[in-house]
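Lettering of chains follows the sequences in order, A, B, ..., and the numbering in each one begins at 1. These numbers come from a predicted model, not from an experiment.
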2 protein chains.
Amino acid sequence: MNKRQHKASLTKKKISDAAIKLFEEKGFRNVTVDEIVQITGTSKGAFYTHFKSKHEVFLNKFKEIDRYYEDVLLDIIEQEETSSNKLKVFLKLQMKYIQEDLGWDITRTIYENELDPSRESYFLMEDRPLYRILNNIFVEGQKNGEFRNDITASEMVTVCLRVMRGLLYDWSINEGSYSLEEEQELLFFTMIRGLSSN
Amino acid sequence: MNKRQHKASLTKKKISDAAIKLFEEKGFRNVTVDEIVQITGTSKGAFYTHFKSKHEVFLNKFKEIDRYYEDVLLDIIEQEETSSNKLKVFLKLQMKYIQEDLGWDITRTIYENELDPSRESYFLMEDRPLYRILNNIFVEGQKNGEFRNDITASEMVTVCLRVMRGLLYDWSINEGSYSLEEEQELLFFTMIRGLSSN
DNA sequence: TTGACAAAGAGACTACGGTCTGTAAAATAT
DNA sequence: ATATTTTACAGACCGTAGTCTCTTTGTCAA
């Protein structure tokens, strides 16, 4: 990395850090790009050379969730005996992470961003760790007879994703007014019941 | 209705009709309020006395869905024998209606609007026909032993709504690229399986 | 070393949703 | 009949996300 690139990456980090801090303090909608660039002593030009949009700033933050899946959750679920317990624990810890580390405002903003067709979608990227992990659980659960065999593992992933999104969307429009960690259980257990072989 | 109110309601209708027509032609995001008022020969002032926001214009359109539930779907599901079949038919026809009569762009816009905390939420209004109808089905299904009794009917409504929203959200971010009517089956059948008594 | 080029950034500008203020005329009170 | 208030509306104005243009300065080839 040469001198110019180095300076650029410092600028990017400076903007990103300040922006995320502001978002957490005041909520995404109450922070303006002008404010961010003013505080960081940069400019609109700098901001938009590093980020495609105001949303994108913490899309990066959100992507950390995948690292969390791979680094932390994978090890934990391996300790569970059954596939359905792996799934249960995975979903529970995921919701706990979203509730405690991301919060509803960031979640809401991500969900809003995904609805904008002019922007890149993160949810639609097929190679997310989330998708691979779920797929592995279902494949394994089918092999050992826990899950249904009349539908494919990838169909079960689809079902699971839609249910997850329904819950997170609902949590977002309710402005995080209920405990995600507690409410996930009924919904996911029902789903798992529907996906189990009998 | 006096003369002034009459003229006002004409203006409102003129704006509403033109706006919805434009939305259908060009998509919600590609229509500006300036364009709507210019075409209708009205003004920003007129627009915003009748509608709280650009979104609200077809929130009214969306609310027609409830009339559809009450007027059409209620009769149809009454012909089904079992509660779970009522639910299946209801959900299927609902998705068919959304796909064919509303379309994904309107659906997307509604879902986006709901994520804006500064706006009134339609989904959170507790007395929607949708909620009552679902509740009735679950209560009935519990009485006749089809559905689980370890959770309440209203909890089942909550589960059902979240699943529905997950599907519609997913359909929206996929820009309506798959058939809602076809894809609903796997998801809802799985859910119903999870809600059935055994 | 120097000159062409490109990357990073500064900041004026645009587009557009939404607000505010002023006004004409209809409704209502006296 | 006249005065007062209210309503529907016109359109100037504002806030903010995002774009465009221009400048600076580091990079690299000769």
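Nucleotides of DNA chain C nearest to Q5(B) and K52(B) differ in position, and the one nearer the 5' end is that of K52(B). Each of K12(A) and F47(B) was matched to the nucleotide of DNA chain C holding its nearest heavy atom; the match closer to the 5' end belongs to K12(A).
If you check dT27(D), dA17(D), dA10(D) against the side chain of K54(A), the one that comes closest is dA17(D). Of the candidate nucleotides dA27(C), dA17(D), dC9(D), dC9(D) has the atom lying nearest to any side-chain atom of S43(B). Comparing dC16(C), dT27(D), dG18(D) by their nearest atom to the side chain of T32(B) picks out dC16(C). Closest to the K3(A) side chain, of the nucleotides dT27(D), dA17(D), dA27(C), is dT27(D).
Close to dC9(D), at under 4.0 Å from its OP1 or OP2, lies a side-chain N or O of T11(B).
Between F28(B) and the choices W104(B), F62(B), F58(B), the ring pair (Phe, Tyr, Trp, His ring centres under 6.0 Å) rule is met once, by F58(B). When each of Q79(A), E80(A), E140(A) is checked for a side chain to side chain donor-acceptor pair (under 3.5 Å) with K86(A), only E140(A) meets the rule.
Spacing between atom NE2 of H50(B) and atom P of dA8(D) amounts to 7 Å, rounded to whole angstrom units. In this structure, M1(B) atom CE and dT7(D) atom P are separated by 15 Å, rounded to whole Å. One interatomic measurement links the two molecules: CD of Q38(A) to P of dA12(C), which rounds to 14 Å at whole-angstrom precision. In this entry the distance linking CZ of R29(B) with P of dA15(C) reads 18 Å, nearest Å. Distance I36(A) CD1 to dG18(D) C1': 13 Å, rounded to the nearest Å. We find that CG of D34(A) is positioned 9 Å from C1' of dA17(D), with the value rounded to whole Å.
Nearest approach of T11(A) to A46(A), heavy atoms of both residues: CG2-CB, 4.4 Å.
Residues L187(A) and L93(A) share a single hydrophobic cluster, defined by chaining ILVMFWY side chains whose heavy atoms lie under 4.5 Å apart.
Residue contacts for R119(B): at a heavy-atom cut-off of 4.0 Å it reaches the sugar-phosphate backbone alone, with no base atom in range. Residue T49(B) is classed as a base contact, given a heavy-atom separation below 4.0 Å to a base.
For a distance-only test at 3.5 Å, the side chain of K44(B) qualifies as a donor-acceptor partner of the base of dG18(C). Within 3.5 Å, a donor on the side chain of R4(B) pairs with an acceptor on the base of dT7(D), or the reverse.
Using cut-offs of 30° and 60° for the angle between ring planes, the F123(B) and Y111(B) rings count as perpendicular.
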